[in-house]
Chemist: 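Below is one structure. I have some questions about it.
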Amino acid sequence: MSDESSVGGANGASDDANPYTLQSADDEHHAFWADAVADRVEARVEDQLERGVRDPEEPIVVKGGISPSGVPHLGNVNEIMRGYYVARVLRERGHEVRQVFTADDRDPLRKLPRTLCDLEGNLVDLGDVDAGALGRNLGAPYTDIPDPFGCCDSYGDHFSNIIQDSADAVDVPIELVSNTDLYERGEFEDVTRYVLENRSRAREVLSSYQDKVDADGDYVPFNPICAECGKITETVTSVDLDAGEAGTVDYRCTDMDAGDRTIDGCGHEGAATLREGKLPWRFEWPAQWQILGVDFEPFGKDHAEGSWPSGQDVARNVLGIEPPVPMVYEWFTLDGEPFSSSEGNVILVSDVLELLEPEVLRYFFAKDPSRARDFSIERLDQLVDEFDRFEAIYFGELEGTEDEREFAERVYPLVLEEDAEVREERIRLPYTFAAVLGMFDDPALREEVARKEGHIPENAPEWAVDAALARVERARNWARRTGNEFDYELKRSEIPDHEFDAATTAALSELAEFVATAETIDPEELQGEIYETAKRNDVDVGDFFAAGYRLFFDEEQGPKLGPFLAKVDREFVVDRLRRDR
RNA sequence: GGGCCGGUAGCUCAGUCCGGCAGAGCGUCUGGCUUUUAACCAGACGGUCGCGUGUUCAAAUCGCGCCCGGCCCGCCA
């Protein structure tokens, strides 16, 4: 107690939890990482019960959290989904679990994001909102800044709402908690007071992680909000824990470093209560663990070497609590580039769900968190195919490797929404095929073609057919968004550039004649006639089909031509085959 | 500068904990389905498991040293 030099530093106590290793030597082998994590959470809970420091009635708490600083992109979903799987596994084992998610909305706005989004998820350029009003609020807590869209109580609330929408969209039940709320209701008051009472201890612990903190200096772990200009300030001049209800601090509103720039302070000198400010992140995080009773928290690799080591040290050696079970997840990229709202490289959950089913997205987040991955919109078909295979292996329709079987068996039921039935009769149209089907606007026609091609069984239940056809819309959105080879577009208004030899030209004229004079156009008969016409004119069949795709789509390849042309109005088909228009 | 994570076929990824023939799907190529699109079936091609080294009968896997990408030691999934 008297010898403070024995306090562990960066490489402190031997029981420090390594947030990386999901499987340590003494763990049982699991096909699913969340099972390994759940083992550790259970061990933590049992240990606390044995030591009598835990109420057996209290549920297990899984936490996540982000600053509502702007467009919540797909990377943020890690914070929701990784915790979800652990929560779900623990529930499966009979535990009561709360999944709490903090909106760290008392954090200050440090720089203006170049891209924002409205509540519908439409991306909006900073220039299209009142950027000046935002600029004047640099340094102020998100919840004190007016919503640039005018629809929510504050900037922070605006983006917190979108976080909640994202969780809803992937069917993850989170309890969204506003950090500002916790401060205003006084939930942080006791722990803040405790940290300030023990501020020399706090300084000492933090100083071994941050050079700017001097163990013997005057650093005070509290940032008041300036009563004059509303900004978060960093200079506390004195602490009086006997003043007012729970104590106050005196401050001077000084400049704040924010990356490569400085946010000016107004110079105001005043006093703030412990509810009128915030703890610095390195203390706030452990304080959240204490207030919310957090047992498990996943976090991005950015925290793994900074906040986490200091966080568990602060938890043990300042607050005297046991930090939660940690888990690091690797970041992933979007089409090979880091997520960045300023560069416009963002995608919202709502956008992704216009391209694929929620269970496919949930599957993506069930994969090994320690692996760096690319979420490729361009090659989204690969992810969907991978999911279809995973599902088929679960139902025993594909053999797969032993590892695949083990993983599918364990994880497939978990990627389905919580109360969803596991239904073997489900139908998955191959994604790229679904994209091609998207060129037909008529749902009945889509179904007809899918049936004809053998993708929908004779006696398929109606719900399965509907669900299968729902993929067509999504795959079509994908084809359009990427403008890839599955985005077939009938070139109706203008004939594409083309160059055919005499034989091909003759064959096209013959085919036009057939279409013009037939009583009715039967799709399969037309398909056969294309084949026959090519042969009669000594044209390679493949080349002849290619000529058709050129004329109608300006592509090398396309949908099955006979059935397609049979559905297009006859005059146009005849004219185009004659190259008249 | 110190520390951490990642790197496996053209692409997306398993396999690394626990050493045992280098794997899957997609793509490509060839052939088949006496119809050729999306597919499906059969086969082929495709690898310095980032590089080197040590241990071992045996190394993608374990140790050590490097390279590349990213992250942390300010803030931030």
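Naming convention: chains lettered A, B, ... in sequence-line order (proteins, then strands); numbering from 1 in each chain. Keep in mind that what you see is a predicted model, and the values were worked out from it rather than measured.
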Chemist: Which part of the nucleic acid does A:Leu561 contact within heavy-atom distance under 4.0 Å: base, sugar-phosphate only, or nothing?
Modeler: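 Nothing, no nucleic acid heavy atom in range.
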Chemist: May I ask you to check whether A:Gln382 and A:Tyr431 show a side-chain donor-acceptor distance below 3.5 Å?
Modeler: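 Note: A:Gln382 and A:Tyr431 side chains miss the donor-acceptor criterion.
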Chemist: Looking at every strand, decide which applies to A:Asp381 at a 4.0 Å heavy-atom threshold: base, sugar-phosphate, or nothing.
Modeler: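 No contact.
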Chemist: Applying the Watson-Crick and G-U wobble criteria at under 3.5 Å, what pairs with B:C18? Answer none if nothing qualifies.
Modeler: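 When the pairing criteria are applied, nothing turns out to pair with B:C18, so the answer is none.
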Chemist: Is there a donor-acceptor pair closer than 3.5 Å between any side-chain N or O of A:Arg576 and the backbone N or O of A:Lys491?
Modeler: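 The answer is yes, because a donor-acceptor pair under 3.5 Å joins these two groups.
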Chemist: Considering only side-chain heavy atoms of A:His73, which listed nucleotide, B:C5, B:G15, B:A77, is closest?
Modeler: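 Between B:C5, B:G15, B:A77, the one nearest the side chain of A:His73 would be B:A77.
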Chemist: Looking across every strand, which nucleic acid part, if any, lies under 4.0 Å from A:Trp308 by heavy atom: base, sugar-phosphate, or nothing?
Modeler: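 No contact at all - A:Trp308 keeps every heavy atom at 4.0 Å or more from the nucleic acid.
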Chemist: Taking the side chain of A:Glu330 as heavy atoms from C-beta outward, which of B:C5, B:A14, B:A38 is closest to it?
Modeler: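 Closest of the options to the side chain of A:Glu330: B:C5.
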Chemist: Just by distance, no angles: are the side chains of A:His30 and A:Asp39 close enough, under 3.5 Å, to form a donor-acceptor pair?
Modeler: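 There is such a pair (donor and acceptor under 3.5 Å, judged by atom type) between the side chains of A:His30 and A:Asp39.
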Chemist: Strictly by modelled atom types, are A:Asp381 and A:Thr432 linked by a side-chain donor-acceptor pair under 3.5 Å?
Modeler: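 Distance-only check fails for A:Asp381 and A:Thr432.
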Chemist: Tell me whether A:Tyr329 and B:A77 count as stacked here, given that the ring centres must be under 5.5 Å apart and the planes must differ by less than 30 degrees.
Modeler: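 Taking the rule of under 5.5 Å and under 30°, the ring of A:Tyr329 does not stack on B:A77.
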Chemist: Measuring from the side chain of A:Asp302 (C-beta onward, heavy atoms only), which nucleotide among B:G3, B:A77, B:G70 has the closest atom?
Modeler: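 Minimum distance to the A:Asp302 side chain belongs to B:A77.
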Chemist: Taking the side chain of A:Arg389 as heavy atoms from C-beta outward, which of B:A77, B:A24, B:A38 is closest to it?
Modeler: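 Closest nucleotide among those given: B:A24.
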Chemist: Among B:C5, B:A38, B:C75, find the nucleotide with the atom closest to the side chain of A:Phe433.
Modeler: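 Looking only at side-chain atoms, A:Phe433 lies closest to B:A38.
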Chemist: C1' atom, B:U12 versus B:C18: distance in rounded Å?
Modeler: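 About 27 Å, rounded to a whole number of Å.
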Chemist: Which one, B:C4, B:A14, B:G74, comes nearest to the side chain of A:Lys212?
Modeler: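 The nucleotide sitting nearest to the side chain is B:G74.
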Chemist: Reckon A:His303 touches a base, only the sugar-phosphate, or nothing at all at heavy-atom distances under 4.0 Å?
Modeler: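 It contacts sugar-phosphate atoms only.
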Chemist: Regarding A:Lys278 and A:Glu284, does a basic nitrogen lie under 4.0 Å from an acidic carboxylate oxygen?
Modeler: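 Salt bridge flag = yes for A:Glu284 with A:Lys278.
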Chemist: List the atom of A:Phe299, the atom of A:Ala304, and the distance in Å for their closest heavy-atom pair.
Modeler: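 Closest heavy-atom pair between A:Phe299 and A:Ala304: CE1-CA, 4.0 Å.
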Chemist: Which residues satisfy the ring-ring contact (aromatic ring centres under 6.0 Å, His included) test with A:Phe544, sequence neighbours excluded?
Modeler: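 Here no residue qualifies.
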Chemist: Of A:Ser69, A:Ser67, A:Ser178, which meets side-chain hydrogen bond (donor to acceptor under 3.5 Å, both in side chains) against A:Asp105?
Modeler: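 It is A:Ser178; the other options fail the test.
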Chemist: Is A:Arg82 touching bases, backbone alone, or none of the nucleic acid, heavy atoms closer than 4.0 Å?
Modeler: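 If one applies the 4.0 Å heavy-atom cut-off, A:Arg82 turns out to touch nothing in the nucleic acid.
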Chemist: List every contact pair, protein side and nucleotides 8-12 of chain B side both N or O, where the distance is under 3.5 Å.
Modeler:
from	atom 1	to	atom 2	distance (Å)
B:C11	O2'	A:Gln382	NE2	3.2
B:C11	O2	A:Gln382	OE1	2.9
B:U12	O4'	A:Gln382	NE2	2.5

Chemist: Mind checking A:Glu79 for me? I need base, sugar-phosphate or nothing, with any heavy atom below 4.0 Å counting as a touch.
Modeler: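 Sugar-phosphate contact only - A:Glu79 comes under 4.0 Å of backbone atoms but never of a base.
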Chemist: Can you measure A:Ile393 atom CD1 to B:C13 atom P for me and round it to whole angstrom units?
Modeler: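 Taking CD1 of A:Ile393 and P of B:C13, I get 17 Å after rounding.
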Chemist: Could you tell me whether the phosphate oxygens of B:C73, OP1 or OP2, come under 4.0 Å of any side-chain nitrogen or oxygen in A:Arg282?
Modeler: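 Checking A:Arg282 against B:C73: at least one side-chain N or O falls below 4.0 Å of OP1 or OP2.
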Chemist: For atom P, what is the distance between B:G20 and B:A58, given to the nearest Å?
Modeler: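 It comes out at 14 Å once rounded to the nearest Å.
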Chemist: May I have the distance from A:Trp33 (atom CH2) to B:A14 (atom C1'), rounded to whole angstrom?
Modeler: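 These atoms are roughly 17 Å apart.
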Chemist: Have a look at A:Gly75 and say if it touches a base, only the backbone sugar-phosphate, or nothing, with a 4.0 Å heavy-atom cut-off.
Modeler: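 A:Gly75: base contact, heavy atoms under 4.0 Å.
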Chemist: Consider the side chain of A:Glu404, meaning its heavy atoms from C-beta on, and name the nucleotide among B:A24, B:A38, B:C5 that approaches it most closely.
Modeler: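 Among the listed nucleotides, the one closest to the side chain of A:Glu404 is B:A24.
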